[in-house]
Amino acid sequence: MSSACETSLPVRDYNLEATMSSGQVFAWERVAENWVGVVNGRWVTLRQAAEAIVVRTAEPQAEWSWLAEFLQSELDLRAVLATFPKGDPHLHAAVATCHGLRLLRQDPWECLASFILSSTKQIVQIQQIVRTLRERYGERLRAPAGQRAAFAFPTAQRLAALTEAELRDCKMGFRAPYLLATARRIVAGEFVPEALRNLPVPEARARLTALPGVGEKIADCVLLFAYGFPTAFPVDVWVARALSTFYFRNRRVRPERLRRFADRHFGPNAGYAQQYLFHHIRTQRG
DNA sequence: GACCAGGACCATT
DNA sequence: AATGGTCATGGT
């Protein structure tokens, strides 16, 4: 029952590097052996060990369930992979090249806001915009002595109070009015992120796509990365290209049809399959 | 310089 | 229902 700033979460089949680099989070930074970021308003560093993730926080923690939830460290990955279709060489190859790739369970608001900023942006640019937002408008968090200060992702309340010009100055371009309007809907109580947790997927998706700047793709990212709906299947340009190449003889197929194919072909954890394919084609390009 | 990036939205067929 | 143009910004 002791409080400590360090712990070790036992894990199996967990590839922290691949997970943090797979385009689901944009606010984590690699510093030497560690990944530095913020979870639930707490400064955290993570380091991969053989059968554990070694954790350090700035302030003593009485318990660590909040972090196990974010990392999904207690999920049995082999049980997930066992639901993948047998005899799919493309999916099999993707799994084989990124052993231990995981889906995180992010804060819904940060995930929603980040992916509103993601449209037709490269991942490095999304990271840059998010960093600027955090440093200008996020809460400054206490870090251990000798460590750089960290900044939480700004709250919806904080962003809702800004002007469109202030957001555009963070280099987000035409996405600024989308982010601003969505933040203001949350502040007005017209969109309640927590209310989506226990909804059927189609209903949750409909509420997300009703937000400005949120279409089917971004909605599925939030459903998968924040709410953990395992059938959500974001179809971006990379995934569309991969599915078209692997399963449709290079024909151009509409995203809606690709999602229906994925639901049928990949099964109850199609979202996980999507993440493996996405990471695979992005790391094997060239 | 041309082309593209974890798209969404609107006007036009 | 289905295409095409437009919206900023930065990397390759």
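Just so you know, these numbers use all the heavy atoms, side chains as well, and skip hydrogens, waters and symmetry mates.
We find that the ring of A:Trp238 and the base of B:dG6 do not stack by the test of centres under 5.5 angstrom and planes tilted less than 30°.
Nucleotides C:dG4 and B:dG6, compared at atom C1', are 22 Å apart to the nearest Å. One P atom belongs to B:dC3, the other to C:dG5, and the distance between them is 14 Å to the nearest Å. With both ends at atom P, the span from B:dA2 to C:dT6 equals 16 Å, rounded to whole Å.
The CD1 atom of A:Ile218 sits 15 Å away from the P atom of B:dA5 (whole-angstrom rounding). At whole-Å resolution of the value, CG in A:Leu208 and C1' in B:dG7 are 15 Å apart. Rounded to whole angstrom, the span from the CG atom of A:Leu277 across to the C1' atom of B:dG6 amounts to 14 Å. Here the C1' atom of nucleotide C:dG4 and the CZ atom of A:Arg254 are 13 Å apart, to the nearest Å. The CG-P distance, from A:Leu179 to B:dA8, rounds to 15 Å in whole Å. To the nearest angstrom, P of B:dA5 lies 11 Å from CD1 of A:Ile281. Rounded to a whole Å, the CG atom of A:Leu117 is 12 Å from the P atom of B:dG7.
Note on A:Leu224: nothing from the nucleic acid sits closer than 4.0 angstrom, heavy atoms only. A:Gln128 comes within 4.0 angstrom of nothing in the nucleic acid, heavy atoms only. Nucleic acid contact class of A:Gly213 (heavy atoms, under 4.0 Å, all strands): sugar-phosphate only. When heavy atoms are screened at a 4.0 angstrom cut-off, A:Val214 is found touching the sugar-phosphate backbone but no base atom. Contact annotation for A:Ser22: base contact, defined as any heavy-atom pair under 4.0 Å involving a base atom. Contact annotation for A:Glu256: no contact, since no heavy-atom pair falls under 4.0 Å across all strands.
Hydrophobic clustering keeps A:Leu224 apart from A:Val25 (ILVMFWY residues linked when any side-chain heavy atoms are closer than 4.5 Å, directly or through intermediates). Residues A:Tyr14 and A:Tyr272 fall into different hydrophobic clusters, defined by Ile, Leu, Val, Met, Phe, Trp and Tyr side chains chained together at heavy-atom separations under 4.5 Å.
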Give DNA chain B the dot-bracket treatment, 5' to 3': Watson-Crick (N1-N3 with N6-O4 or O6-N4) or G-U (N1-O2, O6-N3) under 3.5 Å, [ ] crossing, | other strand.
.||||.|||||||

What one-letter contact string describes nucleotides 6-12 of chain C from 5' to 3', where B marks a base within less than 4.0 Å of any protein heavy atom, S marks contact via sugar-phosphate atoms alone, and - marks no contact?
-BBBBB-

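In this structure, the side chains of A:Val222 and A:Leu196 stay at 4.5 Å or more apart for every pair of heavy atoms. Residues A:Leu112 and A:Phe191 have side chains in contact (heavy-atom distance under 4.5 Å, counting atoms from C-beta outward). With contacts defined as side-chain heavy-atom distances shorter than 4.5 Å, the pair A:Tyr178/A:Ile218 does not qualify. In this structure, A:Leu277 and A:Leu243 have side chains that are in contact, with non-hydrogen atoms separated by less than 4.5 Å.
Checking A:Arg241 against A:Gly215, the closest nucleotide of DNA chain B that is more toward the 5' end is the one next to A:Arg241.
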Evaluate A:Tyr247 against A:His90 for ring pair (Phe, Tyr, Trp, His ring centres under 6.0 Å), listing each step before the verdict.
CA-CA 9 Å; A:Tyr247 307 105; A:His90 308 107; 5.6 Å; yes

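Smallest separation of non-hydrogen atoms from A:Met20 and A:Leu104: SD-CD1, 4.3 Å.
Aromatic ring orientation, A:Trp238 versus A:Phe278: perpendicular (interplanar angle above 60°, classes split at 30° and 60°).
The residue from A:Leu180, A:Ile116, A:Ile129, A:Val130 that alone fulfils the side chain to side chain contact (heavy atoms under 4.5 Å, CB included) condition with A:Met172 is A:Ile129.
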